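Below, read A as the first sequence line, B as the second, and so on, with proteins coming before strands; counting in each chain starts at 1. These numbers were taken from a predicted model, which means no experiment stands behind them.
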Amino acid sequence: MKVFNTYSRQVEDFQPIEAGQVRMYTCGPTVYNYAHIGNFRAYMFEDILRRQLRAEGYAVKQVMNLTDVDDKTIRGSRAAGVSLQAFTARFKQAFFEDLKRLNIEPAELYPAATDHIPEMIVLIEKLLAAGHAYRSEDGSIYYRVKTFEGYGRLAHLDMGGLKAEARVSQDEYDKENVGDFALWKAWDDADGEVVWDSPWGRGRPGWHIECSAMSIKHLGESFDIHTGGIDNIFPHHENEIAQSEGATGCHPFVRYWMHCGYLVVDGSKMSKSLGNFHTLRDLFERGYTGRDVRYVLLSAHYRQALNFTFAALDGARSALARVDEFRGRLAETAGAAPVTGAGAAPAWVRAPLAAFRAAMNEDLNTPEALAALFALVADGNRALSQGGVSAGEAAAALQALRDMDRVLGVLEAPEPVPDAEALRLLDARTQARAARNWAEADRIRNALAASGWDVRDGPEGAKLKPRRA
RNA sequence: GGCGCGAUGGCCGAGUGGUUAGGCAGGGGACUGCAAAUCCUCUCACUCCGGUUCAAUUCCGGAUCGCGCCUCCA
């Protein structure tokens, strides 16, 4: 399997530290609001990555952090007049609900920042002892960036050329250098009751330190993959490297850094003022499903900017309906036929499956993988129409779809079964048609449509299909 | 100013030094009592200007346009 490593800016062969076992850390949500679809692009990318790794036979241990203490969560909880914990609990729950609706596999572990304050303090003490950090007058602790050789390497930034401009906020006036970043923030009024004791006085952790502390604790001082959106490259991931390697002396902290591109909406960055800001919940209210959204997120390569539009969402729905239709045809042909060995699969099943796997192993090329899926659909439909498909072959094709869906997670969908009343009406219509009573037949067809069923007349009689929006 | 990304047919979106990406939409056909759905099938492309090459959408240079990062946004 090949993956693009941000650190080297190259596609590399993936080799885990421990054979057969992948340890990966994925930067999770800051739980101060409902996540938007741009956020979910990252979680989707990570889901596809872990699914493909598993499909290739690796055991995966994925750790995704929950940032439940930072400026935004503190501000939000104070505005809402509730405790930080109560405030973030609500959005943690919403986050997991959303993941489920997108059919994103759960990570093995979801550590929360507030549960790892002692580990962060230990890490900061190590950095202080190593001379990588210093205490400022107000009791905050900063990372002394110039002591870490190679700082800026991940982001390809030359820190020497950094302009000392006015982006330094006022509460950071006592840093030695503008590039230095906070490991520990001394308490101030805005923090309210959000405070922990530390060897340097009361305060709270900086943002970056949590990921170093939690990844080291749960994955070790050196692990395989670390992911996030490209906006995390700098400063967050750059700082993580400096903190982790600075504290442990272990290099490399991470072997493969992987980042997904932005999601834009109608060609523009998502923003509330443009009215193109969408949470997952907004889309559900408009009648779209997690499956529709998931398909759209799969339709572009993860490193490319993805243009999210409602036209794409509608297109996703149509495309998935075609796959559903195909699976239905296969199931009828397969009947109860057993899935035999791979050798029994016809070429029109084997070739797309091989192409699918090759595409996914080439740095998760999901658009090409979807093309392989549709090659299977088209070739299979053609074969079915020509009547030359055996039950065993159809079963093999169904198995191929399941194999693909192990990675895509978007194909299988429960189909509602017609109720007794609908079946009775269908039967009545069949009799009306036999009597050439077209008016009555059409009346029943309309009645069925009103109750959510489409009637499909075919060579083998009429069938009911759930009506699509 | 520094670093980096992108420009593909109506829309979305892969890829390749010479041979079909794919999806959606649209046209045609099959099927049907009529429909719908479905299936089959077809049209439409590689921002511009140079260069390398037998051959460039693909490589190199430049231009134009769009976008991102440069201290806490996935």
Side-chain angles (χ1 to χ4, degrees), chain A residues 9 26-30 35-46 67 70-72 143 145 152 155-163 165 167-169 172 175 177-182 185 206-208 227-236 238-239 259-264 267-270 295-296 299-301 303-309 311-323 325-326 328-329 355 359 362 365-375 377-378 381-382 384-386 433 436-438 441-442 445 449 454-459 463 465 467-468:
Chain A
R9 309 274 159 138
T26 56
C27 282
T30 300
H36 57 70
I37 51 175
N39 300 126
F40 283 110
R41 187 186 191 195
Y43 309 134
M44 263 295 296
F45 145 61
E46 289 146 5
T67 299
D70 79 323
D71 291 352
K72 283 176 295 201
Y143 194 102
V145 163
H156 289 203
L157 285 175
D158 176 9
M159 300 315 286
L162 191 73
K163 285 186 289 185
E165 48 181 299
R167 293 197 65 161
V168 188
S169 67
E172 291 173 335
K175 292 199 291 192
N177 280 295
V178 280
D180 293 349
F181 58 93
K185 295 182 168 189
W207 174 45
H208 313 292
T227 70
I230 48 170
D231 46 341
N232 275 156
I233 295 172
F234 195 89
H236 186 53
E238 195 71 61
N239 291 353
H259 296 93
C260 68
Y262 279 109
L263 177 142
V264 296
S268 303
K269 192 170 176 175
M270 228 188 317
Y295 186 93
V296 170
S299 68
H301 183 84
R303 281 192 283 121
Q304 226 55 49
L306 183 150
N307 189 19
F308 183 91
T309 62
L313 217 37
D314 293 334
R317 182 172 283 198
S318 300
L320 285 169
R322 185 141 83 93
V323 179
E325 201 68 40
F326 177 57
R329 284 183 88 181
E362 193 62 44
N365 193 335
T366 51
E368 204 158 289
L370 288 176
L373 163 67
F374 281 98
V377 172
N381 268 324
R382 205 172 299 121
L384 285 163
S385 295
Q386 288 163 2
R433 290 183 75 217
R436 306 184 71 80
N437 185 351
W438 308 129
D442 290 350
R445 183 163 66 193
D454 275 333
V455 177
R456 298 198 188 175
D457 293 323
K463 280 181 242 167
K465 286 278 179 179
R467 196 175 176 78
R468 282 197 304 268

Determine, stepwise, if the pair D442(A) / R445(A) fulfils salt bridge (Lys or Arg N to Asp or Glu O under 4.0 Å). CA-CA 5 Å; D442(A) 290 350; R445(A) 183 163 66 193; 3.3 Å; yes
Between N381(A) and H156(A), which residue's closest nucleotide on RNA chain B lies nearer the 5′ terminus? H156(A)
Rounded to the nearest 0.5 Å, what separation is found between the CD1 atom of I230(A) and the CZ atom of R303(A)? 11.0 Å
So CG of L313(A) and OG of S318(A): to nearest 0.5 Å the spacing works out to 10.5 Å
Using only heavy-atom distances, decide whether a donor-acceptor pair under 3.5 angstrom links the side-chain of [X] to the base of [N].
X	N	result
R445(A)	C34(B)	yes
D457(A)	C34(B)	yes
D442(A)	A35(B)	no
R9(A)	G4(B)	no

Fill in the dot-bracket string of RNA chain B, one character per base: . for unpaired, | for a pair to another strand, ( ) or [ ] for pairs within the strand, taking Watson-Crick or G-U pairs under 3.5 Å. (((((((..(((.....[...))).(((((.......)))))....(((((..]....))))))))))))....
Please state how far atom [atom1] in [X] lies from atom [atom2] in [N], giving the value in whole angstrom units.
X	N	atom1	atom2	result
L306(A)	G6(B)	CG	P	16 Å
Q386(A)	U41(B)	CD	P	9 Å
D71(A)	U71(B)	CG	C1'	13 Å

Think Y262(A) has a side-chain N or O under 4.0 angstrom from the OP1 or OP2 of C69(B)? yes
Backbone of H36(A) reached by a side-chain donor or acceptor of N39(A) within 3.5 Å: yes
Distance check, C1' atoms only: C48(B) and G66(B), in whole angstrom units. 15 Å
